[in-house]
Amino acid sequence: MGVHTKARLLQPRGITIERRGTSTWRRELSAHAWLYVFVVPGIIYMLIFVFLPLLGLVMAFQRFSPYSGSGPFGAFIHSEFVGFDIFRGLFNGPDFWRVLRNTLAINISALIFYFPAPIILALLLHEIQNQAFKRTTQTIVYIPHFISWVIVGSITFQMFNAQDGILMMLIKQVFPNMPNVLSTPGAFIPMLLGQSMWKETGFGTIIYLAALASVDPQLYEAATVDGANRWQKMWNITLPGIVGTIVIMLILKLGQMLNTGYEQIFLMQNSLNRSVSDVFDTYIYTMSIINGNYSLGTAMGLFKSVVGMLLVIGSNSLSKRFGSSGLY
Amino acid sequence: MPKFKHALVKRSPMDMFAQVIIYILVGSFALITLLPFVYIFAGSFATDRELIERPFFLFPKTISFNAYKYIFDNGDIFRGLRNSLIVTVVGTTINMFFSTTLAYPLSRPYFKGKKFIFAMVLVSLLFTAGMVPNYLLVANILRLRNTYWSLWLPGAINMFNMLIIMNYFRSLPQEMEESAYMDGANDLQIFTRIMLPLSAPALASVSLFYAVSHWNSYFGAMMYISDRRWEVVQIMLRRIIFLTQSISSETGIDWGLLGEPPEKSIRLATTVFAVIPILLVYPFIQKYFTQGVMVGSIKG
């Protein structure tokens, strides 16, 4: 290969100094033609599966009827436009507020009871000096993260069902008046939290343990020499070491306040606990996919997307203020 | 944790006590994690009578293989496992193709049009049309119902995973690429022969993220796949545990001398079948997943 060709190949990479202008542009296009081929599948994917559905949001402003027109898009054109009627109906009816209340109740409970669980476990694991014990425990507690919600749900179902669930029988022996866990509305959120804790506490420790690993060991050494006890060391060295991570995780959680894991909830939902178990996604699924009221589900989804986006943007800029690189 | 932490100072009785408490707490959490697995495994070999009369055991008094005999005779579970395997393997391949091809150009500083494509990625991250428009697109417009394309295409790129790969590409040293350019290689050759092999650890982590999520999810299959022949294992488990009142009425197998089918142990054994594949690959998964979580959290 001649010297001239080498120079031409190098130029687009910005190694040699280049002149700005259309000729550079064209040269870069031809030198890196493959890169423009590479992005084609990704762009087509986004156009079809991200941007095309956005046009479907028009249903939120229509009384959409799927059979009103022919061809794939006919129904979207021929359905009657009703302005904000769907939203008005939504906000004036009881369902929307019930779903919003349930979603917030689940997420706030999770924030209070489930969010601290991995932090506590990480702090405890950090105190363990026997490496074999520590590693074995970690290996065990990470397992449930990889187990599907269907399996978690089916284990719950088999341990807690009223006829022959092993734990339900145990509970009944101690508290004979205990209502059935799987169908009592009051037990629904504790049950979800229990499942989440069992499934995700262990795996959730990873990020905190990583933060703890970067705490300078000399600090502990110095504190020990100064006569600090275990508690004082945890409070003054360990905890400050992960407080940044905790704040970031908390803020990112706040950005997800309208999201609940619907795979989990949909499984544990039944006609007896529906008053507390209906959240956005399960309600949209039932109303639209099952019952065919597409406009209602679209409007609800649009509300959730808009508010969700604002929450994510807000929490993300907040987390950047705390020194994190943020989500994007 | 360095060994000298407590070695220099004599431990106080309080400290020893705290130490014991910590071991007990952590140990019992590990035990609580394991017990449900022990229960479904031990229970799947028990008779239904024992499961009801003597619910707490590590080893059943009467070991019965009836549940497994039923599952093997019936054979549905193997179809479910096979279907899930197909969904997972092909799905992950599609994910990786779409994700790496998008991530690579975005990771190159000299790629023009990066800003525009980034804007598209950001929109996908922040705003979704929601369940209904996506459902109508897949089911009514693309007509993918009862094909696995309905499970493969809508989530072909998870933008978070794509960004992990992109950041990894970015972090690779430039010298290899530059010398390849000198030798006359084009971007396709550099991508497939240098960049992908160099990124093996990140690609392994992300593939596992995708694979586990394909294997475990059921919502897509519930919405789009109604044909029993294409049922994946999660859907099958859900049907047997949550929806089926009586297994005998479901299958029409004559239980004759055996009497009633061992409903409870069949349910437990079916759960065992769904758990085992994950446990088999777990040692492999654990390493790359933890690594992947770290890669994801120190993104630039």
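Note that the structure is predicted; figures quoted are calculated from it, not measured. We use all heavy atoms of the structure for the numbers below, so side chains are in, but hydrogens, waters and symmetry mates are not. Just so it is clear: chains get the letters A, B, ... in the order the sequence lines come, proteins before strands, and each one is counted from 1.
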When you compare the side chain of B:Leu102 with that of A:Phe38, does any pair of heavy atoms fall below 4.5 Å? no

Heavy-atom side-chain proximity of B:Tyr23 to A:Asn130 below 4.5 angstrom: yes

Can you tell me how far [atom2] of [Y] sits from [atom1] of [X], rounded to the nearest 0.5 angstrom?
X: A:Leu123; Y: B:Leu25; atom1: CG; atom2: CG; result: 12.0 Å
X: A:Phe51; Y: B:Phe127; atom1: CZ; atom2: CZ; result: 11.0 Å
X: B:Met16; Y: A:Arg230; atom1: CE; atom2: CZ; result: 9.5 Å
X: A:Met159; Y: B:Ile40; atom1: CE; atom2: CD1; result: 9.0 Å
X: B:Phe242; Y: A:Ser154; atom1: CZ; atom2: OG; result: 6.0 Å
X: B:Leu31; Y: A:Thr137; atom1: CG; atom2: OG1; result: 11.0 Å

Step through it carefully: locate the ring centre of [X], locate the ring centre of [Y], and say whether they are under 6.0 Å apart.
X: A:His32; Y: B:Tyr110; result: yes
X: B:Phe37; Y: A:Trp198; result: yes
X: B:Phe219; Y: A:Tyr285; result: yes

Can you tell me which of [options] forms the most heavy-atom pairs within a distance under 4.5 Å of chain B?
options: A:Gly308, A:Ala75, A:Ala213, A:Gly153; result: A:Gly153
options: A:Tyr294, A:Phe146, A:Trp231; result: A:Phe146
options: A:Leu125, A:Leu170, A:Leu302; result: A:Leu170
options: A:Leu212, A:Asn229, A:Ile48; result: A:Ile48
options: A:Lys304, A:Met309, A:Gln158, A:Lys199; result: A:Gln158
options: A:Ile155, A:Ile147, A:Ile284, A:Asn161; result: A:Ile147

What are the two closest heavy atoms between [X] and [Y], and how far apart are they?
X: A:Glu127; Y: B:Gln19; result: O-OE1, 4.2 Å
X: A:Phe49; Y: B:Pro154; result: CD2-CA, 3.6 Å
X: B:Thr128; Y: A:Ser305; result: O-OG, 2.6 Å
X: A:Ile140; Y: B:Ala30; result: CG2-O, 3.6 Å
X: A:Gly297; Y: B:Val132; result: C-CG2, 3.7 Å
X: A:Phe157; Y: B:Ile241; result: CE2-O, 3.5 Å

So for atom CZ, which belongs to B:Phe118, do other residues, nucleotides or ligands contribute more than 12 heavy atoms lying within a distance under 6.0 Å? yes

Region of [X] in contact with chain B, defined by heavy-atom distances below 4.5 Å:
X: A:Leu52; result: side chain
X: A:Val150; result: both
X: A:Val215; result: neither
X: A:Met300; result: neither
X: A:Asp281; result: both
X: A:Phe266; result: both
X: A:Phe64; result: side chain
X: A:Leu121; result: side chain

Which pairs of donor and acceptor atoms, one on a side chain in residues 273-284 of chain B, lie under 3.5 Å apart (sequence neighbours left out)?
residue: B:Tyr282; atom: OH; partner: A:Thr139; partner atom: O; Å: 2.6

Select one option (side chain, backbone, both, neither) describing which atoms of B:Leu188 are under 4.5 Å from chain A's heavy atoms. both

Let me know if B:Ile157 has heavy atoms under 4.5 Å from chain A in its side chain, its backbone, both or neither. both

Determine, step by step, whether B:Ile141 and A:Phe73 satisfy the side chain to side chain contact (heavy atoms under 4.5 Å, CB included) criterion, reporting the C-alpha distance in whole Å, the side-chain angles of both residues, the deciding distance to 0.1 Å, and the verdict. CA-CA 8 Å; B:Ile141 294 177; A:Phe73 302 102; 3.7 Å; yes

